[in-house]
Amino acid sequence: MCGIVGYIGDKKAYPILIKGLSRLEYRGYDSAGIALLENVDKINLYKRKGKVQDLVDFIGDESTVGNVGIGHTRWATHGPPNDTNAHPHYSGNSRIALVHNGIIENYDTIKEALIKKGHTFTSDTDTEVLVHLIEDIQENGGVSLEEAIRIALNEVHGAYAIVVISKDEPDKIIGAKKSSPLVVGLGEDEYYFASDATPIVEYTKNVVYLEDQQIAIVDRKNGLRIISTSNKEVSPYVQELEMELEVLEKGGYDHFMLKEIYEQPRAIKDSLRGRLNAKEGWVSLGGIKDYEDQIAKANRIIIIACGTSWHAGLVGEYYIEDLARIPVEVEYASEFRYRNPIIRKDDVVIAISQSGETADTIAALNMAKEQGATILGIVNVVGSTISRITDAGTYTHAGPEIGVASTKAFTTQVSLLAMMALMIGKKRGTIEDERFQRLIEEMEMLPTKLEGLIEKSNEFCITIAEKYKDASNALFLGRGNNFPIALEGALKLKEISYIHAEGYPAAEMKHGPIALIDEEMPIFVIATQGANYEKVVSNIQEVKARKGKVIAIITKGDTTVKELADDYIKIPDADDFVVPILATIPFQLMSYHIAVMRNCNVDQPRNLAKSVTVE
Ligand code: F6R
């Protein structure tokens, strides 16, 4: 939710900020703005409703002088997306400019108090209140910008990542964070601020991930200094980025989503590397190795996540209960944190998150931690908040996912959960040796099977997309561990093509959704060979009897469903265990092509943001 950037150095700040904002646009894209410090009397501040490109067009030939600056791309919380609510925001005297990602919960009370003191506000945002508060403290207390920011941050409640510049201290840029992420990049006599490392990696690999309630003060003379909001000096912990620049580009694909779909064989290979070996017959997850015993002895595993990551968690429930025989509960983080759940010390709580920054998931994890449970993470973004607050965790290694609709993050999450289930099952002796061996062989074959599947099915998916692109509703059905894939298929279609879609366990259809079926309604069914095959065939018969259009995912060699279905896509023959990963691919591709054909913005669907850092 919202992306922020900042720069101080000898280079021109404008192109760095604009490029940075484009990289962060996945975090919000309803308005954008920048402020460039030209000199002690002049800040060039431009902001505009719309995308970063709209901002660039709006700026046109205006002055972009300045080698200190801040920028913002917004996902609206307080006030609609318009030019006025866009960031940066000025203090009342227009001497301080600030960008903010997060929510100041007590902004109303502060605003009222400031209005009584004579402040006037132009926007509806909580951010404008914060910058006025800083100004007020500075003017009335006669303190430095850094001290005014520190005092102000002690007065606000909620979440923030901010970057601030001031005409009065033109050789400084100050950033701070609580609950929203902020990274500082350390170049040669230059410093970068950003919500994640993607705007920074092009210039330097040395970064500091700020911790909550830390303030980073950069000044040209003395470089970087970090203090806490309680005014204690903190020594910066400099880490080296492993990210490469190429992964942030589209690399010849029309959209990041398509690129990321095609990256899945590589992503899963990276996810399996060093963690599973069929020849030697082992599975080992280094990141949680020290917690293996604790997990194996857990009375219960609770998985918390949101959206697509929650769907991966549901597949994990099937895997872990089947192979390791430990009860698993999969919880929406937003519900879990507010419903007074029973959490015991011998519970193991696993958070799944691509971004590692989802506000509800973080809050739910903190709650579980306070109640004494062991908390683990399955996270994609290295160095993200969840990866830092958990007792231990394991990275999915999918690489940066930029398309807002999650694809490779999902399939790598499912592969990790599969490995986790195999690892715990082996440790607890609840999986027979022969099955263990067979399943790790299946896992190892996944990248090759996925490669062939993506290549072969893309054309079929285009043909199917053409046929069903004008549908208003769609149903996705699956059984067993493919039920969550039906949910995920429906989510993918609705979020990028705006077609209403629902996922259901196939057998539940007759308890309600069957009423929706008519000859207009496409019904996507996972009907692969395996334990539930016969049952799914009966469900397809029920659909056909009501003239519904069936698009089936079938196993290569199948003849029964091939005959029954209106359209079909074949996936390679595989054990039921890995079918959820394979069956996901055609749903991703079909949704992608339908969205493209409907002229939707595939990588940045309306109203969505990649990183949901507000609750
Ligand atoms: C859908 C999607 C979202 C995310 C959800 C959780 O394609 O991407 O549903 O899965 O917002 O985000 P993370 O995994 O970053 O916690």
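As the structure lists them, so they are numbered: ligands from 1, and atoms in each ligand from 1. Counting begins at 1 with the first residue of the sequence.
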Are any of the side-chain nitrogens in [X] or [Y] under 4.0 Å away from the carboxylate oxygens of its partner?
| X | Y | value |
| --- | --- | --- |
| Arg300 | Asp347 | yes |
| Lys494 | Glu502 | no |
| Lys259 | Glu249 | no |

Protein contact to [atom] [nearest heavy atom, distance to 0.1 Å]:
| atom | answer |
| --- | --- |
| atom 5 (C) of ligand 1 | Cys306 O, 3.7 Å |
| atom 12 (O) of ligand 1 | Thr358 OG1, 3.4 Å |
| atom 15 (O) of ligand 1 | Ser355 OG, 2.6 Å |
| atom 11 (O) of ligand 1 | Val612 CG2, 3.9 Å |
| atom 7 (O) of ligand 1 | Glu495 OE2, 2.6 Å |

### Task
Check if Lys492 has a non-hydrogen atom at a distance under 4.0 Å from any atom of ligand 1.
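Lys492: in contact with ligand 1 (<4.0 Å).
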
### Query
What do you reckon, does Val404 put a non-hydrogen atom under 4.0 Å from ligand 1?
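It does; at least one heavy atom falls under 4.0 Å.
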
#### Entry: Parallel, tilted or perpendicular, as decided by the 30° and 60° cut-offs, for the rings of Tyr262 and Tyr253
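Geometry flag for Tyr262 against Tyr253: tilted rings.
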
### Message
Any nitrogen or oxygen of Gln413 lying under 3.5 Å from a nitrogen or oxygen in ligand 1? Just yes or no.
### Response
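No: no nitrogen or oxygen of Gln413 is under 3.5 Å from one in ligand 1.
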
### Query
How does Thr361 reach ligand 1, by side chain, by backbone, by both or by neither, if only non-hydrogen atoms under 4.0 Å count?
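Answer for Thr361: neither.
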
Name the atoms and distances for all side-chain donor-acceptor pairs under 3.5 Å in residues 459-466, with sequence neighbours left out.
from   : atom 1 : to     : atom 2 : distance (Å)
Thr463 : OG1    : Glu459 : O      : 3.1
Glu466 : OE2    : Lys469 : NZ     : 3.2

I'd like to check which ligand 1 atoms, numbered from 1 as shown, lie under 4.0 Å from a non-hydrogen atom of [X].
| X | result |
| --- | --- |
| Ala405 | 7 (O) |
| Ser353 | 13 (P), 14 (O), 15 (O), 16 (O) |
| Ser406 | 7 (O), 8 (O) |

### Message
Under a 3.5 Å distance rule, please check whether Glu401 uses its side chain to pair with a backbone N or O of Ala409 as donor and acceptor.
### Response
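Yes; judged by distance alone, with no hydrogens or angles, the pair exists.
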
### Trace of the side chain to side chain contact (heavy atoms under 4.5 Å, CB included) decision for Ile303 with Glu329
CA-CA 6 Å; Ile303 296 179; Glu329 283 169 29; over 6 Å; no

### Message
Looking at non-hydrogen atoms alone, which of Thr308, Ile496, Ile352 comes nearest to atom 3 (C) of ligand 1?
### Response
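Checking each option, the heavy atom nearest atom 3 (C) of ligand 1 is found in Thr308.
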
### Message
Does Arg74 qualify as a cation-pi partner of Tyr29, given the criterion of NZ or CZ under 6.0 Å from the six-membered ring centre and within 45 degrees of its axis?
### Response
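Relative to the ring axis of Tyr29, which defines the angle, Arg74 lies outside at least one limit.
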
#### Entry: Pairs meeting criterion ring pair (Phe, Tyr, Trp, His ring centres under 6.0 Å) with involvement of residues 470-493, two or more places apart
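Those involving residues 470-493 are Phe476-Phe524, Phe476-Phe587.
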
